[in-house]
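Notes for the one structure printed next.
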Amino acid sequence: MLLQMKNITKHYGNVTANQAVNFDLGEGEVHALVGENGAGKTTLMRILYGMEQPSSGSVQVKGNNVSFDNPASAMASGIGMVHQHFMLFPSFTVAENIVIGREPTVGGVFDRNKAAALVEELGEKYGMPVDPWAVVSECPMGMQQRVEILKVLYQGADIIILDEPTGALTPLEVKELLVNIKSLALQGKSFIIITHKLHEVMEVSDRITVLRDGQVTGTLAASDTDVEQLSRLMVGRELVSIVKKDVEPGEAVLEVKGLGIRGPKGKALLKDIHLEVRAGEVVGIAGISGNGQSELIQAISGLRSIDEGKVQLSGVDIQGMDVRDIREQGLAHIPEDRYLWGAAKDATVLDNGLMGHHHKLKRRGLVKGKEARTKVTEWIKQFGIKAGTVDNNVQNLSGGNLQKLIAAREFAHDSHLLIAAEPTRGVDIGAMEIIHTELIRKRDAGVGVLLVSSELTEILQLSDRIVVMYEGEIAGEISAMDATEEKISLLMSGGNRQT
Amino acid sequence: MSIIKQSLRGLIQPLIAVIIGLIAGAIAILVVGGSVTETYMEMWKGAFGSFYFTTNTLARATPIILAGLGVALAFRAGFFNMGADGQMILGGLSAALTAIYLPGPGWLVLVVSIIAGIVTGGLWSFFAGWLDAKFGMNLLITTLLLNYIATLFAGYMVAYPFMDKTGSAAMAQSAMIDQSVWLPKLFQGMGLHAGFIIAIVAAVLLYFFMKKTVMGYEIRMLGNNPLFASYGGVKRGRMMMIAMLVSGGLAGLAGAGEVLGTQYRFLDGSMTSANYAWSGIMATLLANSHPIGTAVAAILLAALQTGAMGVERNTDVPLEVASVIQAVLTLFVSAKIGYAIWKRRKGKKTNGTTT
């Protein structure tokens with residue numbers, strides 16, 4: 001075995017992040033590490049990468065006992081890590097970013113041409129060509145990911161840890177990355193992939209280790225297992241599959257007609273959007289993020305003014321109405337970014353839960369404190385939110401729990417239209433299941449749901465109709481029956497326009 | 001019960017800051033060769049050593065509390081109102097002029113004068129808010145610069161049109177306010193006046209306003225995350241106007257109280273040189289904009305200033321020791337703000353990640 005981690009235990013105070021975890025990796029192997037948020041994946045990898053010290057247990061590389069005090073010593077043993085958030089200097093070139101720390105020099109001066117040549121050679125050797133002179137900030141995310149991997153390879157890593165590598169990538173880029181990983185593995189490089197995307201895991205890895213609550217619940221060969229079994233091991237129980245009732249869609253709750261929005265320089269961010277959501281249906285908006293989805297949501301919810309066309313909510317024109325009026329007209333809205341739009345980080349669970357409900361819970365200008373408390377406490381129970389008390393600061397909540405709180409808050413509105421933007425981004429399977437089930441329950445109860453997601457599986461699983469956005473326009477519409485991942489991917493990347 | 005707990009939590013920070021300040025002060029005293037215990041004894045005596053000194057300290061704290069509360073409200077809403085000084089001066093000026101020239105029974109004139117002070121301070125602050133909402137002018141800059149306009153305008157008013165020509169002293173000051181319009185003293189022969197009660201009531205009211213009312217909730221959320229607030233239907237522009245109006249109103253009340261309760265006339269430069277407004281801002285920052293904490297911090301800062309006078313009266317240690325302590329407090333405050341900004345940045349980076 002190239003790498004063996006034996007009986008790794010890590011305590012943080014009273015919390016046990018890893019409990020007697022065994023993990024190993026062979027040469028040329030791709031070993032995925034999966035588990036829900038807080039299961040201890042990141043802790044284990046931080047130990048391996050020298051960012052944390054284990055409370056007990058041992059690490060062996062090529063049969064030798066090692067202990068890493070810092071990432072530099074881990075790197076010296078051939079371990080490299082690509083973090084979830086890229087650690088590149090955006091204003092420097094690809095070559096500069098890759099050779100950083102080990103720059104080729106001529107007479108003590110950094111030799112740019114040699115660096116570029118080295119990087120080009122490296123890219124060709126590993127089948128991941130890059131333009132060494134390109135500035136990183138101008139590269140697409142997939143290219144930046146590639147630069148990160150090349151950087152680690154340049155540093156001489158044989159063991160490469162990838163933390164949530166596909167989070168920011170488009171479906172096409174994901175495919176490319178997976179191909180690259182496989183070919184690198186054939187050349188003898190070994191990978192540890194931390195992720196919660198089980199389909200990708202099944203596609204790329206040789207073995208899969210599942211963590212739950214800091215313990216290994218299974219190490220399986222990919223050929224012997226399937227997504228369902230992995231989910232069970234991750235969550236510790238059977239997952240409820242989503243069953244949609246046959247509901248005949250009712251009247252339109254949202255009508256968008258010829259909507260156009262121009263950006264600061266007059267560039268069209270949205271062009272001639274026509275969209276309808278009827279009561280009792282889920283309309284999924286697919287698209288790579290940044291193709292106008294955010295602007296569309298903001299226009300509907302009153303956070304952005306409209307330049308052309310109109311938006312009607314239950315037959316009422318909402319132009320010029322402010323956010324509060326629109327909400328009272330029957331809109332609930334799970335925002336796309338929970339920290340940017342969805343929560344106040346330094347406020348309590350109660351305060352965060354109150355938003356949007358605060359005028360309904362008003363008596364003579366005062367907030368009805370008791371009622372608000374009961375309400376939020378109920379959500380916590382209903383959605384199994386690990387929040388401590390309602391007076392706890394939301395900063396202490398994990399991303400998934402905060403997302404559940406935000407979703408619960410919006411589900412609690414008696415709305416006609418529910419916008420669910422990236423409702424499960426970065427949350428674990430358990431939370432995802434709860435949120436999906438509730439979205440469908442809303443649909444079955446006759447609420448129109450506008451689901452905006454860059455996650456194709458989510459779109460395909462929940463939607464009745466799918467609309468694809470590309471560069472601020474609607475690139476096509478597909479009914480759920482005819483939708484396949486391929487068709488949607490094609491539309492998402494601008495190919496095969498329908499009109 | 002949780003209210004008491006909450007208030008106590010508001011008190012912890014200013015207390016820690018003051019303790020650190022006192023330690024630094026002790027070092028300074030040792031450096032100039034004084035006795036630490038003796039100096040601090042004198043400082044304590046100067047601030048709280050007798051009933052007279054205590055009331056004197058509380059009298060000094062009164063405008064600091066009110067100005068601090070105004071700043072606290074604006075800070076909570078996320079607006080940096082640095083104009084407490086000017087708002088206080090204009091509030092004091094208009095209270096003085098109303099008290100001098102408005103005919104009528106004393107108590108009525110008193111009430112109208114106080115209201116005039118509040119309204120003037122509020123409008124002056126509101127003006128800065130309006131400039132922001134209308135033209136996008138940076139509030140921090142406008143409020144800061146409007147201080148100069150207010151100070152010089154008030155100085156002109158009492159140096160020319162409304163100058164007191166009855167006395168022999170050729171000072172830039174208004175005429176004396178009639179005794180019937182004065183804010184009553186709380187104790188015979190002491191400096192402490194009814195303005196202190198108003199300040200304490202204002203602190204408690206502001207606490208409940210922020211904590212319990214829908215508008216207080218909206219203001220807190222706006223200060224916490226403006227995008228979250230707008231997503232939830234809070235109207236930023238409207239809230240800013242209200243917050244700035246009330247914030248300036250409190251500063252104006254501070255000025256009115258000082259004029260009607262202590263000086264009985266508007267004297268050019270008296271509020272600026274006493275540093276009331278800036279002490280108020282510091283009290284707010286020390287207490288993290290918690291209303292009750294702000295009041296306590298204001299009293300502590302006032303005690304530091306009155307105590308320092310006691311030190312100078314009775315020891316060889318110079319008055320500047322208090323400045324050292326204050327400087328350390330300022331440092332502590334700015335470090336805290338710096339840390340908060342740093343934490344916020346770091347927080348942004350790790351958004352969405354787990355464990």
Side-chain angles (χ1 to χ4, degrees), chain A residues 17 36-43 46 83-85 163-164 167 196 298 301-303 322-328 333 335 337-347 351-352 354-359 361-369 372 391 395 398-400 403 409 425-428, chain B residues 1-6 9 75-78 136 205 207-239 242 246 288-290 336-337 339-355:
Chain A
E36 297 207 285
N37 294 336
K41 299 167 293 192
T42 309
T43 304
R46 286 172 74 91
H83 296 271
Q84 184 175 9
H85 299 273
D163 186 5
E164 297 287 356
H196 61 262
Q298 286 165 16
S301 53
L303 290 162
D322 59 49
V323 177
R324 190 177 148 195
D325 293 339
I326 294 173
R327 277 179 167 270
E328 278 164 12
H333 175 190
D337 186 322
R338 57 177 162 266
Y339 294 106
L340 194 65
W341 293 99
K345 276 172 92 180
D346 294 321
D351 279 345
N352 274 281
L354 200 55
M355 186 53 82
H357 295 273
H358 57 286
H359 285 290
L361 290 168
K362 182 164 70 173
R363 187 172 43 211
R364 278 194 234 115
L366 298 181
V367 177
K368 291 191 220 164
D391 295 310
Q395 260 178 339
S398 73
Q403 186 69 21
R409 176 181 77 206
R425 177 183 278 170
V427 308
D428 54 43
Chain B
M1 188 217 82
S2 75
I3 290 169
I4 297 167
K5 224 175 170 182
Q6 281 268 326
R9 210 178 299 161
F75 278 11
R76 272 297 178 93
L205 282 180
Y207 174 78
F208 277 98
F209 171 75
M210 296 304 285
K211 188 87 190 156
K212 297 286 176 193
T213 66
V214 168
M215 199 181 275
Y217 170 76
E218 292 200 336
I219 285 177
R220 277 190 290 128
M221 292 304 114
L222 186 63
N224 211 311
N225 180 354
L227 288 178
F228 175 55
S230 67
Y231 149 88
V234 178
K235 293 164 191 157
R236 179 183 182 268
R238 186 164 163 264
M239 279 300 140
I242 292 171
V246 178
N288 224 353
S289 304
H290 187 292
K336 203 175 75 180
I337 296 170
Y339 177 70
I341 292 171
W342 177 74
K343 218 173 69 177
R344 198 173 288 183
R345 279 213 181 150
K346 213 181 140 215
K348 258 187 198 145
K349 258 207 214 153
T350 55
N351 275 354
T353 61
T354 48
T355 33

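All chains are named by letter (A, B, ...) in the order of the sequence lines, taking the proteins before the strands, and each is independently numbered beginning at 1.
Put simply, the side chain of B:Asn225 gets close to the backbone of A:Leu340: a donor and an acceptor are under 3.5 Å apart. B:Tyr231 contributes no side-chain N or O that, together with a main-chain N or O of A:Met355, makes up a donor-acceptor pair within less than 3.5 Å.
Applying the salt bridge (Lys or Arg N to Asp or Glu O under 4.0 Å) test to every pair with at least one member in residues 216-227 of chain B, sequence neighbours left out, gives these pairs: A:Asp351-B:Arg220. A salt bridge (Lys or Arg N to Asp or Glu O under 4.0 Å) check over residues 223-234 of chain B, counting only residues at least two apart or in different chains, returns nothing.
Among A:Ala17, A:Pro335, A:Ser301, the residue with the largest count of heavy-atom pairs under 4.5 Å with chain B is A:Pro335. For the set A:Gly356, A:Gly369, A:Gly342, the entry with the most heavy-atom pairs within less than 4.5 Å of chain B is A:Gly342. Note: A:Val367 leads A:Val367, A:Val427, A:Ile326 in heavy-atom pairs under 4.5 Å with chain B.
Neither the backbone nor the side chain of A:Arg364 comes within contact range of chain B; no heavy atoms are under 4.5 Å apart. The parts of A:His333 that come within reach of chain B are both its backbone and its side chain, each placing non-hydrogen atoms under 4.5 angstrom from that chain. Of the atoms belonging to A:Asn352, heavy atoms from both backbone and side chain fall under 4.5 Å from chain B. Of the two parts of A:Leu354, the backbone and the side chain both hold a non-hydrogen atom closer than 4.5 Å to a non-hydrogen atom of chain B.
Taking OG1 from B:Thr213 and NE2 from A:His358, the interatomic distance works out to 10.5 Å, rounded to the nearest 0.5 Å. Rounded to the nearest 0.5 angstrom, B:Met215 CE and A:Leu366 CG are separated by 11.5 Å.
Across B:Asn224 and A:Lys345, no two heavy atoms sit closer than the pair OD1-N, 3.8 Å.
Between B:Ser230 and A:Val323, the closest side-chain pair of non-hydrogen atoms is not below 4.5 Å.
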